[in-house]
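Computed from a predicted model, the values in this text were never measured in an experiment.
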Amino acid sequence: MRGETAMERFRAGRMPSGGRVEAAEGVPALVDAAREHRIGSLLIRPDGPDLQREVWVGTEPDQPAVRRTDVQYPGDSRPSPARADDALIRSAHSRAGRTRAARTA
């Protein structure tokens, strides 16, 4: 809706609507959303509990994984560890023009 902040949209998205929850929360859910290209806005709390959690990334930014074995690009035999916040921001930026990333207070 117009005039709503990203935080207001997130809060509203946490409530089931039509049998679906529109907001993802926590690293595993956000990694799934990133892999499925379902991140419209990414909010990161600087004091969040998973801020520096390790995830795995391949050569393509839109395929972060919670486990090393989940990186799915053919020929990507050496996924690298990365901080979850960095990997999710990288993934969001790979969809430039469609996704906004912001750190929340």
Colleague: Restricting to side chain to side chain contact (heavy atoms under 4.5 Å, CB included), what partner residues turn up for Ala29, sequence neighbours left out?
Modeller: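 In terms of side chain to side chain contact (heavy atoms under 4.5 Å, CB included), with neighbours along the sequence ignored, Ala29 is linked to Ala24.
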Colleague: For residues 26-37, which residue pairs pass the salt bridge (charged side-chain N to carboxylate O under 4.0 Å, His left out) check, not counting sequence neighbours?
Modeller: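 Residue pairs passing salt bridge (charged side-chain N to carboxylate O under 4.0 Å, His left out), neighbours aside: Glu36-Arg38.
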Colleague: Measure across Arg90 and Thr59 and return the closest heavy-atom pair with its distance rounded to 0.1 Å.
Modeller: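 Closest approach of Arg90 to Thr59, heavy atoms only: NH2-O, 3.3 Å.
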Colleague: Once side-chain hydrogen bond (donor to acceptor under 3.5 Å, both in side chains) is applied, do any residues pair with Glu54, and if so which ones, sequence neighbours excluded?
Modeller: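 Partners of Glu54 by the side-chain hydrogen bond (donor to acceptor under 3.5 Å, both in side chains) criterion come out as none, since no residue qualifies.
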Colleague: What residues form a side chain to side chain contact (heavy atoms under 4.5 Å, CB included) with Glu25, not counting sequence neighbours?
Modeller: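 Side chain to side chain contact (heavy atoms under 4.5 Å, CB included) list for Glu25, sorted by chain: Phe10, Arg14.
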Colleague: Please lay out, stage by stage, how Val55 and Leu88 fare under the test side chain to side chain contact (heavy atoms under 4.5 Å, CB included).
Modeller: CA-CA 9 Å; Val55 297; Leu88 290 165; over 6 Å; no
Colleague: Determine the minimum heavy-atom distance between Ala84 and Val27, stating which atoms define it.
Modeller: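 Of all heavy-atom pairs spanning Ala84 and Val27, the closest is CB-CG2, 3.8 Å.
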Colleague: Do Val57 and Gln63 have side chains that approach each other closer than 4.5 Å (heavy atoms only, starting at C-beta)?
Modeller: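 The answer is no; the side chains never approach within 4.5 Å.
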Colleague: Of the non-hydrogen atoms in Val71 and Trp56, which two are nearest, and what is the gap between them?
Modeller: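 Closest approach of Val71 to Trp56, heavy atoms only: CG2-CB, 3.9 Å.
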Colleague: So, Glu8 side chain and Thr5 main chain: donor-acceptor pair closer than 3.5 Å or not?
Modeller: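 Confirmed, Glu8 side chain pairs with Thr5 backbone.
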Colleague: Is any side-chain heavy atom of Arg53 closer than 4.5 Å to one of Pro28?
Modeller: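 A side-chain contact under 4.5 Å exists here.
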Colleague: Please give me the minimum heavy-atom distance between Ala33 and Ile39, naming the atom from each residue.
Modeller: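 That would be CB-CG1, 3.9 Å.
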Colleague: Indicate the atoms forming the closest heavy-atom contact of Pro61 with Ser91, along with that distance.
Modeller: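 Shortest heavy-atom separation between Pro61 and Ser91 comes out as O-CB, 3.2 Å.
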Colleague: Looking at every non-hydrogen atom in both residues, tell me the closest pair between Leu30 and Leu42 and how far apart they are.
Modeller: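 So the two residues come closest at CD2-CD1, 4.3 Å.
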Colleague: Can you name the residues that form a side-chain hydrogen bond (donor to acceptor under 3.5 Å, both in side chains) with Arg11, not counting sequence neighbours?
Modeller: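 Residues passing side-chain hydrogen bond (donor to acceptor under 3.5 Å, both in side chains) with Arg11: none at all.
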